[in-house]
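All values reported here derive from a predicted model rather than from experimental measurement. Order of the sequence lines fixes the chain letters, A, B, ..., with proteins taken first and strands second; residue numbering starts at 1 for each chain. Excluded from the calculations below are hydrogen atoms, water molecules and symmetry mates; all remaining heavy atoms, backbone and side chain alike, are included.
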There are 2 protein chains.
Amino acid sequence: MEQIGPEHLARRLRDIGQRVTPQRLAILGALRPGEHLSADEVFAAVESSLPGVNRSTVYRTLEMLRDLSLVSETDLGGGARQYERIEGRHHHLICQGCGRQQELEDALVAPLRSTIFERYGFAAGIEHLAIFGLCGECAR
Amino acid sequence: MEQIGPEHLARRLRDIGQRVTPQRLAILGALRPGEHLSADEVFAAVESSLPGVNRSTVYRTLEMLRDLSLVSETDLGGGARQYERIEGRHHHLICQGCGRQQELEDALVAPLRSTIFERYGFAAGIEHLAIFGLCGECAR
DNA sequence: ATCGCAGATGCAACTTTTTGCAGGTGCGGT
DNA sequence: ACCGCACCTGCAAAAAGTTGCATCTGCGAT
Ligand SMILES: [Zn+2]
Ligand SMILES: [Zn+2]
Ligand SMILES: [Zn+2]
Ligand SMILES: [Zn+2]
């Protein structure tokens, strides 16, 4: 598992022409691949290590990280949007019957990305899809 | 173009075991295929024909219609989620560079739905995707 | 036609997210 | 090391969306 320190995060931000601030380091540091956090949970995590941060800074930073494709922002149907540091694409199948979730490998989604590019010349991100529907058990 | 009257909408609701109320008829009636409306725009439209309706009724009704797949709910990136009456699936490509939108036919998305079903036995809805990325011009 | 109740609505409080603005700070240039 | 200013942040208010509860109502049953 990749170990990430503050210097690594700082470099990552500078590489893409963004300023390095304590807030951004804390926010990016609070996010880990494979873990979905709400903005409020990120806020709570950041608050403890950097008292005084403002919620809107958290929202604005998450928005920036999302625009830079460093973080995914997804409505998984649970009230608040979920944020996750992107480290290899993956997606989620969410059953509207029983609520169970299942991970979906990007390999199944990749062809869509290719088709869209071939057909429209459009480079689709599709970093983290939430696909709603009915699982096998609930479909009957 | 399909003409829809109140009786049609009422039948549609009853068919799926939902109660018919003036609010629901007004809300469903305010939505038309091919037109994206925010919850607030739906509220405004409904207000004029049925004064006194409450915003939360609009939100709750849109949520119900979405669960019943009569209406799609999509974050197109413009601040507020957009609602549209579903009449044949379609999707949108949204360029994060210039903001231009392009419609995407469901034929290109259908294979993903099939693949997911074959692989996981999961019946994916995918009624109205918003796919973000970069258009040909902005990609360079 | 009337009754009863599960489900819908209105209302108000609350949570979540966005925005405008004034002051603060990272960082390239000197 | 210092400056300058474009970009960030905190703050406060607004906008968008959700929830609990008391009342009301559509509609199946009598
Ligand atoms: Zn995920
Ligand atoms: Zn299920
Ligand atoms: Zn649409
Ligand atoms: Zn573009």
State, yes or no, whether a side-chain contact exists between [X] and [Y] at a heavy-atom distance under 4.5 Å.
X        : Y        : answer
B/His91  : B/Asp106 : yes
A/Arg12  : A/Val20  : no
A/Glu127 : A/Arg66  : no

Quick check on the helix from C/dA1-D/dT30 to C/dT30-D/dA1: what's the angle between its two end axes, five base pairs per end, to the nearest 10°?
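Comparing the axis at each end, I get an angle of 40°.
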Gap separating the [atom1] atom of [X] from the [atom2] atom of [Y], nearest 0.5 angstrom:
X        : Y        : atom1 : atom2 : answer
A/Thr57  : A/Arg24  : OG1   : CZ    : 9.5 Å
B/Cys135 : B/Ile94  : SG    : CD1   : 12.5 Å
A/Glu47  : A/Asn54  : CD    : CG    : 9.5 Å
B/Ser114 : A/Leu108 : OG    : CG    : 11.5 Å

Give me the distances for all protein-to-nucleotides 17-21 of chain D N/O pairs that come in under 3.5 Å?
from	atom 1	to	atom 2	distance (Å)
D/dG17	OP1	B/Arg81	N	3.2
D/dG17	OP2	B/Tyr59	OH	3.0
D/dG17	O3'	B/Arg81	NH2	2.8
D/dG20	O6	B/Arg60	NH1	3.2

What pairs meet the ring pair (Phe, Tyr, Trp, His ring centres under 6.0 Å) rule with one or both residues in residues 25-48 of chain A, with sequence neighbours excluded?
A/His36-A/His92, A/His36-A/His128
Taking any atom under 4.0 angstrom from a heavy atom of chain A, which nucleotides of DNA chain C are the first and last to qualify, 5' to 3'?
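Contact boundaries, 5' end first: C/dT16 to C/dC27.
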Non-hydrogen atoms of [X] and [Y] that approach each other most closely:
X       : Y        : result
B/Leu76 : B/Ala130 : CD2-CB, 3.7 Å
B/Ala30 : B/Val46  : CB-CG2, 4.3 Å
B/Gly34 : B/Glu84  : N-OE2, 2.8 Å

Can you give one letter per nucleotide of nucleotides 24-30 of chain D, going 5' to 3': B for a protein heavy atom under 4.0 Å from the base, S for sugar-phosphate only, - for none?
-BBS---
Side chain to side chain donor-acceptor pair (under 3.5 Å) partners for A/Asp75, two or more places apart:
none
Rounding to an integer number of Å, can you tell me how far A/Ile27 CD1 sits from D/dC8 C1'?
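About 11 Å, once rounded to whole Å.
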Quickly work out the B/Gln82 CD to D/dA16 P distance and round it to whole Å.
11 Å
Residue among B/Leu37, B/Thr61, B/Val53 satisfying side chain to side chain contact (heavy atoms under 4.5 Å, CB included) with B/Val42:
B/Leu37
